[in-house]
Structure formats: C-alpha cells, structure tokens
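Note on naming: letters A, B, ... go to the chains in the order of the sequence lines (proteins, then strands), and numbering restarts at 1 for each one.
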Protein chains: 2
Amino acid sequence: MVKKQIIMEKSLELFAENGFEATSIQQITERCGISKGAFYLHFKSKDELIDSLIDDFMTKFVAKIERSVSEGQPKEELLYNYLNVSFSEFGQQANFAKVFLKEQIHAFNEELLNKMQGYITILNKILLSIVQRQFDQLHPSMYLDIVFATSGLMKSHAELFLIEHYKVDLHVLCSSIVEKVGIIAEHAKIQAIAPEYLSSVNIKTSYSKEQLMELLESIQQETEINSIIWESLQMLNENLQEPKLSGALIQGLLKNIKVESRCVWVAYLYQSYLENEK
Amino acid sequence: MVKKQIIMEKSLELFAENGFEATSIQQITERCGISKGAFYLHFKSKDELIDSLIDDFMTKFVAKIERSVSEGQPKEELLYNYLNVSFSEFGQQANFAKVFLKEQIHAFNEELLNKMQGYITILNKILLSIVQRQFDQLHPSMYLDIVFATSGLMKSHAELFLIEHYKVDLHVLCSSIVEKVGIIAEHAKIQAIAPEYLSSVNIKTSYSKEQLMELLESIQQETEINSIIWESLQMLNENLQEPKLSGALIQGLLKNIKVESRCVWVAYLYQSYLENEK
DNA sequence: TATACTAATGACTAATCGGTCAGTTGTCAA
DNA sequence: TTGACAACTGACCGATTAGTCATTAGTATA
C-alpha cells in the first residue's frame, strides 16, 4: 500500500498550499502521477481521505505525547516534554499542522468536526493532567486557566514558525513557555475559566456504548494486533455489555491496549465513557 | 445603499456557517431574497465582496482600538482597554471574527492575504506600543515576547466564546489577562522572540510610494471628507513626490487624518513607509 | 502461448460554480 | 398616458467539480 501513503502525503501538501475545499481530486492525482480512478481504489471519497489523514496523524501524535508525559517522567519536566514533542512534531509534519491545527475547520462536515474536536479534547485532558501533576501546589480552581494559558502561548508561537517561517531554537522556545506558565501558575489569582467548562466539553465529545463497542471490534479485526491487546479489547468490550470488572482491572486492561498507538484514543474514550456513566 | 449592507451581513453569516470557499453566490442571494444579477450590481465579484467585508470591519476596528489606547489614557489601563475593545467587538461581530480572525485564510488570494496581514501587523504594532508604555520598566528585549504572549492568551480565550460559546464576564476576562501579562512582564527572563522579527514583518507589509499615493488620492475623492483632512492628505501626497516637510509637520498631518477612521490605516502605512525609507 | 486476474486508466456524467446579459418591472417627470 | 431610466430578474454560459465505469495494461500461472 505504498501508493496510498503517497496520496496522503501529496494531498496534505496541496491542502496546506491551497486549503481543503480549494484542492480538487484532479490536482491530487496529477501531483501523484496517477489517474483519477486509481485514487478511488484507495479512498471511497474525498471525505474518507481527510478522515484518514486526521486519524493517521492524530493517533500517532497523541500516542507520542502520552508516552513523553507518562508516569515514569520526572514531574518538573512534564510540561517541557509536552511542548517539546508538540513543536517538533509540528515541525516535522508542518503540512498537517497548517491544515488542521489552524482550525480552518469550517470547511469540514459535522462528523469530521466532532472527530477533530475529540482529539483536541484529549490533548487538553493530557495537558490538564500535566498541570495537575507539575503544579501540585496550585489551587485547583486555577487549573483550567493554566491549561488555556499554555495552549494560547503555544498557538502564538506555533503561528510564528508555521506561517511566518520564523525559526526559533526549540529548547529556548519550550523553556520560555515553561517559564511563563510557571510564573503564571505561581502568581496569578484571577480565575477566568470555571471548572464547569470541562464537564460541558466532556459530555459533548462522549461516545455511546454502541459506538464504543463498534470501535473496539473494528480494531480487533486489524491483522497486526497481538494477542494480549486482542484479549484486552475483548474483555473491555464484554464489560461494556455487562459491567462486572473492578476499576483496577479495567485500568490494567486500558494500560495494555495503550501500548498500541492506534488504541490510545480508544482508551481515552473508554475512560470518559465510564466517568460519564457513574 | 441598504441592499449592499444586507448582502454584506447575510454573506458574513453564511461564511461563518460554512466557510468562504464553500459558500456560493447562489446561497447568498437566496438568503438575501434577491436575484443573482442584483448581487453583481453591488459587487464586481465574490472577491470584491470579501474585500469590502475586511475593509469595513477592520478600519472601524483599528480606529476603535486606536482611540481606546490613545495618548490621553492612563498608562495602567492601556492593555485593559485594548482587550476590552477587542473582545466586545468580537462579541458584537462574532461572524466576522469567526471567518477572519481564526485565520482560515488559506482560501484567500494573495492580495486579500496581504491586506489581512497588513491589518494584523497594525494591531501588533499597537499592542507593541501598549507594552512599551504600560510596562516601561521592562527590558526592551522582552517586548515582543510580551506582545505574543498577550495575543496568545487572547486567542485561546476568544476561541472559548467564539467556538464553544462559553460565556465569561468581560471584565473578569480582561482583568485576568492583564494580570497574567503583567506577571509575565515582571518575572519572565527567557526571551524566545528576537527583535529582528519585527523588522522582517515590516518590510513584507510595506507599500510602494506609488501605491501609497494612489491610496491617498482615492480617499480624497470620497465625498464626505472635510477640508482639513483633504488638505492634509494633499500635503502628505505632495511630500511623497518631493520630501520637504519636517518630521514634526508630517506627524501633525498624520494626526489630522487619523480623526477619520477610514484614514487610520493609511496613516500607519505612511509611517512605516517613512521608517523603511530612512 | 493462452488464460486469469488485478491494477490502472481517462472519457464520461450530473451537478454546481462564478459570472453575464437580454429582457422585465417599477417609478419617476413631462 | 407616455417615455426614459434605473433597479432588478433568472435563464444561460463555459469552466470545473466529485465520482463512475467500460476498457486496457501488466503480470503471474498453467
């Protein structure tokens, strides 16, 4: 399936250059040096292409972030790692970042929008967990303010080198943001964002039991899944139908499947489903 | 010209809903309850419509900002005023903000892109002048870091109520950002953005002598311009052809024309032209 | 060499796009 | 009532779009 990869790369180039709506299948096939028919051998429609692009990048991205801020890491370095992975990934996949992270998302249909919003919510949740761990002396009412301050600082700097092509030393950039966030966390008193905000976002992006089961099964059907992950998925699926596993067992199974980057996303959905249930 | 106003309002609605590329003239005329031909009586093309929308909003916006942070204001309130005007204007013109400030600018042609970039540069310059005045004990090497930190904080909060429709008390929001920026200005040491960045942006957005003269003349031809502004424009124009006025005189003339909101933008261009010349 | 099968092609369709223009309507003054 | 004129209409145009499908090219097996 080399050709599929080529289509994805070249189309991402074109989307970054001209935007999603303004890029035609014709243009994509021309740049790939293939015929129009060949495109439709790999993708059912233009929407399926963009769907694949989002999943392909975001599952890997979330998995890398997740790994860099996992439990083993020293807590002082969590935010730095998050920023470092984010920016270096943006740099390597500048085209994706240009198209999707700049949220020129108007052009998408509702389904894609929800999908993208889901990933962004996950990233915000990871960021929230970082803030909670790294700034543990902070009053919880300020958590969300710090989360949004961080993503704001990230955004303005990301634009500088995505659009203006302004080059900065990666280490200096991350250190400077860590410093600024740290300073805000230490001194800021005025709270702008109420914690209720988070729950309203959670509800909006949650999946139903049936959607979740379908998702678990679709991953099981992939060929390269190993047996431990397969069994874990199976048990998680059964537990949805008939809840009988304890919280600790579920957490263990979720850790099992998070090894596979394709599953990190599902693990989050599963977790937020359980949170919404109880 | 009531109908022209209706077209601009309704098209902005549609652009905010579906994006610029995805909105057809057909859709616009349908929502306005007019025929396709009637649209083309008021606008030469779709591009001219978007051009008008940008100019209409941005000249007023820049003028309002400019006024709220002008020399008379107490320096402790400058940033607060800037934020207050920005957010309340975003709130009132949420559709415009959705379409243009979210920088889904890919869809535009080069000309529109430059125009938009020009306005954004002006806003950044105003913000820079605010930072210089309000945080006057700050080391100049940190100016740009503070400017970008501010616009980053603005962005993440603007998204909250533009996309997520999360309502915040305007005063609390502005105070919280002022507080955070103030804290960063006081304590931050690591500089991420070098001052050279600003000059590179300046050059990119500057106008040629001829373009500037053309612009001055086009404003003179508008009917509602009063005589003082007309004469000031005339002398500024002549001074471009043959520089003979002193710096102080030019600054005075520029202050004259800034009374008219349509001219604030031109005054900035004139100023940055002179800066690039010497 | 003949057969079978997949990969790939590009002319084709129906729909939609921005934009045009010959013709209709409404509103005045004469 | 008439004629002049501006405001307005919508059928129409060429270009372009996403998506289809009968046909062909390429390759491996018998």
Enquirer: Would you kindly give the CD1-to-P distance between A:I7 and C:dA7, to the nearest whole Å?
Expert: 13 Å

Enquirer: Charged N to carboxylate O below 4.0 Å: is that the case for B:E30 and B:K36?
Expert: no

Enquirer: Check the orientation of A:F148 and B:H157. Use parallel for under 30°, tilted for 30 to 60°, and perpendicular for over 60°.
Expert: tilted

Enquirer: D:dC8 P sits how many Å from B:I6 CD1, rounded?
Expert: 10 Å

Enquirer: By the 4.0 Å heavy-atom rule, please label A:I34 as base, sugar-phosphate, or nothing.
Expert: sugar-phosphate

Enquirer: What integer distance in Å separates B:E30:CD from D:dG10:P?
Expert: 11 Å

Enquirer: At under 4.0 Å between heavy atoms, which parts of nucleotides 14-22 of chain D does protein reach? Answer with one letter per nucleotide, 5' to 3': B base, S sugar-phosphate only, - none.
Expert: ---SBBBB-

Enquirer: Do B:N237 and B:Y270 have side-chain N/O donor and acceptor atoms under 3.5 Å apart?
Expert: no

Enquirer: Flag this pair as yes if the NZ/CZ of A:K98 is under 6.0 angstrom from the six-membered ring centre of A:F90 and inside a 45 degree cone about the axis; otherwise no.
Expert: no

Enquirer: What is the separation between atom NZ on B:K4 and atom C1' on D:dC8, rounded to the nearest whole Å?
Expert: 17 Å

Enquirer: Say whether B:Q27 and B:S24, considering side chains only, have a donor N or O and an acceptor N or O under 3.5 Å apart.
Expert: yes

Enquirer: Is a side-chain donor-acceptor pair under 3.5 Å present for B:E238 with B:Q234?
Expert: yes

